[in-house]
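Accompanying notes for the structure given below.
This is a predicted model, so every value here is computed, not measured.
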Amino acid sequence: NAITLRLIDSPGESRDREYRKALDRFPEVARVGRAVYSDDGLRLFLTTALDRFDGRTALDLMESGQSDRVVSALAADYDGIG
């Protein structure tokens, strides 16, 4: 009998990996986001389901082709109107 061991990411580790990949794929989000938030704050912004995103996360929007909506929300936060 062969025993296969499988490593399973915790939900937090998986979401952190998604966060890092997203910043690499969406440099404008990374640039604007870092002007608005600390690294921890940006991670929280991108991985928390928000009413302003219809209960979805910014990462969800970015993956569905709506990174412009995320950049607009970050710009509004920067201007204090978000």
Side-chain angles (χ1 to χ4, degrees):
N1 288 343
I3 298 175
T4 303
L5 296 177
R6 194 174 112 201
L7 295 176
I8 300 175
D9 289 336
S10 72
E13 289 172 350
S14 178
R15 208 59 174 156
D16 277 350
R17 186 174 310 119
E18 288 179 49
Y19 163 77
R20 289 189 303 272
K21 282 183 181 178
L23 292 185
D24 288 343
R25 290 182 55 211
F26 300 97
E28 185 176 11
V29 171
R31 182 181 59 76
V32 176
R34 288 183 175 130
V36 177
Y37 294 113
S38 67
D39 284 335
D40 288 338
L42 181 56
R43 180 178 290 110
L44 189 61
F45 173 84
L46 293 176
T47 60
T48 302
L50 300 172
D51 289 340
R52 71 204 280 182
F53 297 144
D54 306 315
R56 297 166 57 199
T57 69
L59 287 178
D60 294 334
L61 291 178
M62 293 160 61
E63 290 299 324
S64 68
Q66 299 180 55
S67 61
D68 57 332
R69 193 170 164 196
V70 175
V71 171
S72 293
L74 287 166
D77 288 353
Y78 183 79
D79 290 336
I81 58 174

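Every residue two or more places apart in sequence or in another chain was checked for a side chain to side chain donor-acceptor pair (under 3.5 Å) with D51, and none qualifies. With sequence neighbours excluded, no residue satisfies side chain to side chain donor-acceptor pair (under 3.5 Å) with E28. When the side-chain contact (heavy atoms from CB on, under 4.5 Å) test is applied to E63, the partners found at least two apart in sequence or on another chain are R25, F26. Every residue meeting the side-chain contact (heavy atoms from CB on, under 4.5 Å) condition with L44, not counting sequence neighbours, appears here in chain and number order: T48.
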Less than 3.5 Å apart, which donor and acceptor atoms pair up between the side chains of residues 31-41 and the rest of the protein, not counting sequence neighbours?
residue : atom : partner : partner atom : Å
Y37     : OH   : D77     : OD2          : 2.4
S38     : OG   : G41     : N            : 3.1
D40     : OD1  : R43     : NH1          : 3.2

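Residue pairs meeting the ring-ring contact (aromatic ring centres under 6.0 Å, His included) criterion with at least one partner in residues 56-81, sequence neighbours excluded, are absent.
A heavy-atom distance below 4.5 Å is not found between the side chains of T57 and T47.
How far NZ of K21 is from CG of L23: 13.0 Å, rounded to the nearest 0.5 Å. In this structure, CG in D60 is found 10.5 Å from CG in L46, a value given to the nearest 0.5 Å. Here OG of S67 is found 11.5 Å from CG of L59. Values are rounded to the nearest 0.5 Å.
Between the R52 side chain and the A73 main chain, a donor and an acceptor come within less than 3.5 Å of each other.
Across all their heavy atoms, G55 and A49 have their closest contact at O-CB, 3.2 Å.
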